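Okay, so here's the structure we're looking at.
What you see is a predicted model; the values in this text were computed from it and never measured. When reading the values below, keep in mind they use all heavy atoms of this one structure, side chains included, and skip hydrogens, waters and symmetry mates.
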Amino acid sequence: MTSKGRDMTDTRSAAAAADLPPRRLVELPAVAIDLRGCGRSARPAAVEQCRMLAHVADNVALVRALGEERAVVIGHDVGATIAADSALLRPDLFTAVAMLGVPYAPRGGARPTELFARLGGEEEFYVSYFQQPGRAEAEIERDVRGWLAGFYAALSADTMGEAAGAHAFIAPGGEMRDRFPDGARPRWLSEEELDRDAAELERGGLAGPLARYRNIDRDWEDLAPWDGAPIRQPSLFVGGALDPSTTWMADAIAAFPATLPGLVASHLLDGCGHWLQRERPEQFNEILVDWLARLPAAGCGRSR
């Protein structure tokens with residue numbers, strides 16, 4: 001076979017390349033992209049232009065533009081869901097998938113906005129808080145750097161404290177930042193990194209990143225033909241044991257034998273929060289490179 005492919009990292013961060021494994025560790029070329037609406041990518045004006053089907057189409061177009069026939073797709077957080085759905089919808093192109101931080105959960109159940117509205121009780125779950133255009137923007141835009149520092153701290157194992165995930169529930173009349181750890185700064189976050197990340201978020205604006213959350217019902221409708229569908233390609237999951245995403249979605253992880261029948265490995269990193277690549281760079285790189293090395297030659301796109 002002479003087919004080619006690339007290991008493609010799907011990410012929401014404009015500084016994505018900083019989180020890629022050292023090139024000396026892998027033989028495959030890697031591409032880190034800014035999602036549409038984020039960083040230096042195009043910023044569609046309409047919320048619906050950032051629906052999941054559009055993100056999958058972007059990944060397909062990228063593979064084609066690079067002259068490739070297949071790719072391994074990798075994503076963190078929001079990117080994990082996009083990577084998973086890219087593999088689900090286009091198994092002919094995306095022959096393996098790695099999901100970081102957020103486990104795969106097939107489409108199903110109630111309409112997402114109705115489900116999230118019930119989660120907070122008298123308070124408001126952050127996904128519901130993000131729904132109204134302009135509301136979260138008003139909180140974040142008045143101090144992007146400070147808000148981002150607090151958000152990083154709220155989900156980093158060394159700064160989240162005992163109230164992990166408390167920031168995800170907003171009190172009536174309050175803001176998300178009200179429950180960020182007070183003055184804490186993760187050990188891995190330098191001033192230079194924070195400056196870079198804040199500058200990229202300011203450059204691209206918040207409409208694109210928040211549009212992901214504002215499309216959850218639209219995605220639920222679009223993906224109805226794949227209700228309950230498993231991802232059968234070789235897969236990898238890596239999460240932090242202290243990440244609220246892995247505790248809230250423990251049932252999704254337990255369901256991997258059914259939902260990810262091609263699962264090669266699943267790792268929950270002890271003492272690690274949400275920011276896997278930054279909190280545990282060496283351990284994460286070792287896991288990722290080992291998984292890539294174990295993929296079939298045709299599956300990971302290596303020519304032979």
Side-chain angles (χ1 to χ4, degrees), residues 7-13 16 18-21 32 35 72-88 94 96-107 116 119 125-127 151-169 181 186-189 212-213 216 230-231 233-292 294-295:
D7 161 33
M8 185 168 65
T9 296
D10 198 352
T11 177
R12 62 178 179 166
S13 170
D19 291 333
L20 288 175
L35 300 179
V72 175
V73 61
I74 304 167
H76 176 257
D77 192 271
V78 167
T81 306
I82 296 173
D85 285 337
S86 296
L88 178 66
F94 302 107
V97 55
M99 294 149 286
L100 316 177
V102 176
Y104 176 60
R107 185 263 188 207
F116 289 126
L119 284 180
F125 193 56
Y126 79 99
V127 178
F151 185 61
Y152 280 150
L155 288 168
S156 184
D158 61 335
T159 50
M160 64 173 58
E162 295 182 0
H167 69 284
F169 296 88
R187 287 190 297 269
W188 51 264
L189 183 62
R212 231 2 0 261
Y213 298 94
I216 54 175
I231 295 174
Q233 298 96 304
S235 57
L236 169 71
F237 175 72
V238 187
L242 300 180
D243 185 352
S245 295
T246 61
T247 55
W248 292 338
M249 300 186 71
D251 288 348
I253 295 174
F256 280 170
T259 61
L260 296 175
L263 185 68
V264 175
S266 177
H267 301 266
L268 282 179
L269 308 187
D270 289 338
C272 186
H274 185 66
W275 315 109
L276 306 165
Q277 305 96 309
R278 293 182 168 184
E279 295 185 56
R280 300 285 182 83
E282 294 182 0
Q283 184 180 12
F284 170 76
N285 285 336
E286 182 179 353
I287 289 170
L288 182 59
V289 172
D290 177 71
W291 175 70
L292 289 169
R294 293 165 64 185
L295 295 177

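Within the 3.5 Å criterion, the main-chain N or O of H274 finds a donor-acceptor partner in the side chain of H76. Judged purely by atom type and a 3.5 angstrom limit, E279 uses its side chain to pair as donor or acceptor with the backbone of G273. A donor-acceptor distance shorter than 3.5 angstrom exists from the side chain of T247 to the backbone of P244, with no hydrogens or angles considered.
Side-chain contact between R212 and T81 is absent, with no heavy atoms from C-beta onward closer than 4.5 Å. Counting heavy atoms from C-beta on, the side chains of L288 and I74 come closer than 4.5 Å. Looking at F94 and I231, their side chains never come closer than 4.5 Å, going by heavy atoms from C-beta outward. Contact check for L88 versus D85: side-chain heavy atoms found under the 4.5 Å cut-off. The shortest side-chain heavy-atom distance between L276 and D243 does not fall under the 4.5 Å cut-off.
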Practice problem: Might you work through the side-chain contact (heavy atoms from CB on, under 4.5 Å) test for W248 and L119, ending with a clear yes or no? | Solution: CA-CA 11 Å; W248 292 338; L119 284 180; over 6 Å; no
Quiz prompt | side-chain contact (heavy atoms from CB on, under 4.5 Å) evaluation trace for F116 with I216 | solution = CA-CA 10 Å; F116 289 126; I216 54 175; 3.8 Å; yes
Quiz item: Does the side-chain contact (heavy atoms from CB on, under 4.5 Å) test come out yes or no for I287 and L269, once each step is laid out?
Solution: CA-CA 11 Å; I287 289 170; L269 308 187; 3.7 Å; yes
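Residue pairs meeting the salt bridge (Lys or Arg N to Asp or Glu O under 4.0 Å) criterion with at least one member in residues 266-275, sequence neighbours excluded, do not occur. Sorted by first then second residue, the salt bridge (Lys or Arg N to Asp or Glu O under 4.0 Å) pairs that include residues 154-164, not counting sequence neighbours, are D158-R187.
For the pair G271 and A241, the tightest heavy-atom approach, listed with the atom from each and the gap, is N-CB, 4.4 Å. Smallest separation of non-hydrogen atoms from A258 and P230: O-CB, 3.5 Å. S266 and F256 get closest at one heavy-atom pair: OG-CE1, 3.8 Å. Closest approach of T159 to P186, counting heavy atoms only: CG2-N, 3.6 Å. Across all non-hydrogen atoms, the minimal contact from A164 to L242 is CB-O, 4.5 Å.
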Which pairs would a plain distance check flag for residues 98-107, meaning a side-chain donor or acceptor within less than 3.5 Å of a matching protein atom at least two apart in sequence or in another chain?
| unit_1 | atom_1 | unit_2 | atom_2 | d |
| --- | --- | --- | --- | --- |
| Y104 | OH | A229 | O | 2.5 |
| R107 | NE | W220 | O | 2.8 |
| R107 | NH1 | D227 | OD1 | 2.7 |
| R107 | NH2 | W220 | O | 3.0 |

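Between R280 atom CZ and N285 atom CG the span is 13.5 Å, to the nearest 0.5 Å. The CG atom of L35 sits 4.5 Å away from atom CD1 of I82, with the distance rounded to the nearest 0.5 Å. Remark: L260 CG to F237 CZ distance equals 9.5 Å, nearest 0.5 Å.
Ring planes of W188 and W275: tilted class, angle from 30 to 60°.
You'll find the ring centres of F169 and Y126 outside the 6.0 Å limit.
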